[in-house]
Amino acid sequence: MNFELSEEQQSFATSVRRFAEANLKDGALARAHDPHFPFETAGLLARQGLLGISFSEEDGGAGGTLFDSVIAIEQIAAVCPRSADIVQAGNFGPIRTFVEYATPGQKARWLPDLLAGRICISLGMSEPDAGSAVTELKTSATPDRDGYLINGSKVFGTHSPDAAIYLVYVRFGPGVGGIGSVIVERDTPGFTVGKPSAFMSGESWSQLYFENCRIPAENVLLGAGGFKKQIAGFNVERLGNSSRSLALGRYAFNLAREHALIRKQFGRALCEFQGLQWKFADMALKLDSAQMLLYRAASIESGLPSPYNTAVAKLACNQAGFDVANEAVQIMGGLGYSQDSLAEYCMRRTRGGMIAGGSTEILKNRIAEDVFERKFDQRGNAARAG
């Protein structure tokens, strides 16, 4: 088993790092504290071919692999953590679901602008009463002449204040089999983007309101019965989340390392204190272990990655990224806690990764199903029946 990048992968990683150093190093701190989607940066990344890396050339992508997308996130984050979010958004999440299932007409209408960084897409999945238990969603799609009326509300959508289109999970009918998805454009009558609120990371989100919002039938992405196809895409989405969490933890690690080399207290460099040496050893162990699990999950030739491998990778990367960033803040003291350093940003950003795309608790449930080779009903219906 080879644990090193191939020559081609290493060449790609080197070229992405050089691009980032030349174009993204300056302004990295300012980007991190801007709550809006950075369209200018997105355009720059698009021109470098870093949006749609693993999408087919027919769809306007680069025809690369999921592993290439992971490499790109790592290399961009090593220079500008905030810009890595845009690489993730341009390769994983709702844009990937859209590319996977959109009709040729839908792709022709929206995909060129998405891959050029001119517009962004936001996911409407979570609701006030449906988070991890997403199948309890209530937002409805009711047939109306040659289209559908959408009614309901969505919360916590990344990039929701700035998006031009929204991939919205809706209920066409009862049960899991009644769930599908539609595309809603920002200026559609009956659709309102609420006042922006702030995440802990500094990013903004807006509640989405649908009141008899009428969409044409051609805006249906996946009709009734499409939920299982959509949720299968979370195996891929988790690779993006994992990559970013781990990369931000490593960025904070490197900040703390440089600080420990030059900062002196009690007449000695911080790195000379055994207590801090042990901290760095623990941090390195967490980062390297999680990276191996991430690379295992991303190393597929075709199809979707293993649900077990992606769940283990995301759990490890989320935990390692946050733990390491949190320790980096502690090691750097007041500087790490200050917004003049990106250490505290990495800590806040990695904390969100432990919730989005499958919380750490949900991931453990998923892993346990493989361990015991059976499904567990988290609603407790089986237990009550017993």
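All heavy atoms count here, side chains included; hydrogens, waters and symmetry mates do not.
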task = Evaluate the side-chain proximity of Arg31 to Leu24: yes if any heavy-atom separation is below 4.5 Å, no if none is.
result = yes
request  = Start with the C-alpha distance between Glu218 and Thr103, add both sets of side-chain angles, then the distance that settles side-chain contact (heavy atoms from CB on, under 4.5 Å), and finish with yes or no.
outcome  = CA-CA 9 Å; Glu218 56 263 30; Thr103 65; over 6 Å; no
task = Would you check, one step at a time, whether the test side-chain contact (heavy atoms from CB on, under 4.5 Å) holds for Asp162 with Arg186?
result = CA-CA 9 Å; Asp162 300 308; Arg186 188 181 186 92; 5.7 Å; no
task = Might you work through the side-chain contact (heavy atoms from CB on, under 4.5 Å) test for Val193 and Ser160, ending with a clear yes or no?
result = CA-CA 8 Å; Val193 178; Ser160 48; 5.6 Å; no
task = Side-chain contact test, heavy atoms from C-beta onward, threshold under 4.5 Å: evaluate it for Ile150 versus Thr139 and give yes or no.
result = yes
task = Measure from NZ or CZ of Arg348 to the centre of the six-membered ring of Tyr345 and say whether it is under 6.0 Å with the direction within 45° of the ring axis.
result = no
ask   = Does the distance from a Lys or Arg side-chain N to an Asp or Glu carboxylate O, for Arg366 and Asp370, drop under 4.0 Å?
value = yes
ask   = Linking I/L/V/M/F/W/Y whenever any side-chain heavy atoms sit under 4.5 Å apart, do Leu239 and Phe67 land together?
value = yes
inquiry  = With rounding to the nearest 0.5 angstrom, report the CD1 to CZ distance, Ile331 to Arg263.
reply    = 13.5 Å
task = Would you check if the side chain of Arg214 reaches a backbone N or O of Pro189 as a donor-acceptor pair within less than 3.5 Å?
result = no
task = Could you tell me whether the side chain of Tyr166 and the main chain of Gly157 form a donor-acceptor pair under 3.5 Å?
result = no
remark   = Note: Val87 and Ala72 closest approach over all heavy atoms is CG1-CB, 4.0 Å
ask   = Is there a path from Leu44 to Ile86 through hydrophobic residues (I, L, V, M, F, W, Y) whose side chains come within less than 4.5 Å of each other?
value = yes
ask   = Looking at CD1 of Ile95 and CG of Leu115, how far apart are the two atoms once the value is rounded to the nearest 0.5 Å?
value = 5.0 Å
Heavy-atom closest pair, residues Ala247 and Ala77 = CB-CB, 3.4 Å
task = Would you indicate whether Asn254, at its atom CG, is surrounded by more than 12 heavy atoms from other residues, nucleotides or ligands within a distance under 6.0 Å?
result = yes
request  = Would you kindly confirm whether Leu222 and Val184 end up in one hydrophobic cluster when ILVMFWY residues are joined by side chain heavy atoms under 4.5 Å apart?
outcome  = no
query = Does CD belonging to Glu369 count more than 12 external heavy atoms closer than 6.0 Å?
reply = yes
ask   = Ser306 side chain to Asn309 main-chain N or O, any donor-acceptor pair under 3.5 Å?
value = yes
request  = Please indicate whether Lys107 has more than 12 foreign heavy atoms, meaning atoms of other residues, nucleotides or ligands, lying under 6.0 Å from its NZ.
outcome  = yes
ask   = Can you tell me if Asn326 uses its side chain to pair, donor with acceptor, with the backbone of Phe322 under 3.5 Å?
value = no
ask   = Counting N and O atoms only, with roles assigned by atom type, does the side chain of Lys154 sit under 3.5 Å from a partner on the main chain of Tyr169, one being a donor and the other an acceptor?
value = yes
key: Side-chain heavy-atom pair Phe210, Val168 within 4.5 angstrom cut-off   = yes
message = Under a 4.0 Å threshold between the charged nitrogen and the carboxylate oxygen, would Glu237 count as salt-bridged to Lys314?
response = no
task = Kindly indicate whether the side chain of Thr192, heavy atoms from C-beta on, has any atom under 4.5 Å from the side chain of Glu211.
result = no
inquiry  = Could you check whether atom CZ of Arg296 has more than 12 heavy atoms from other residues, nucleotides or ligands sitting under 6.0 Å from it?
reply    = yes
message = Using 0.5 Å steps for rounding, measure from the OG atom of Ser245 to the CZ atom of Arg238.
response = 13.0 Å
inquiry  = With side-chain contact (heavy atoms from CB on, under 4.5 Å) as the criterion, how do Gln88 and Asn241 come out once you've worked through the C-alpha distance, each side chain's angles and the decisive distance to 0.1 Å?
reply    = CA-CA 8 Å; Gln88 181 192 1; Asn241 182 304; 4.1 Å; yes
request  = Using a strict cut-off of less than 4.0 Å between a Lys/Arg side-chain nitrogen and an Asp/Glu carboxylate oxygen, indicate whether Arg250 and Asp288 qualify as a salt bridge.
outcome  = yes
ask   = Between Arg268 and Phe273, is NZ or CZ placed under 6.0 angstrom from the six-membered ring centre and within 45° of the ring axis?
value = yes
task = Find out if a path of hydrophobic residues (ILVMFWY) with successive side-chain heavy-atom gaps under 4.5 Å connects Leu246 to Leu248.
result = no
key: Arg349 side chain near Glu203 side chain, heavy-atom distance below 4.5 Å   = yes
key: Ser197 side chain to Ser206 backbone, donor-acceptor under 3.5 Å   = no
task = Step through the shown structure and confirm whether more than 12 heavy atoms of other residues, nucleotides or ligands are within 6.0 Å of CZ on Phe39.
result = yes
inquiry  = If the threshold is 4.0 Å, N to carboxylate O, is there a salt bridge linking Asp34 and Arg82?
reply    = no
query = Is the backbone N or O of Ile362 less than 3.5 Å from a side-chain atom of Ser359, with the two atoms forming a donor-acceptor pair by type?
reply = yes
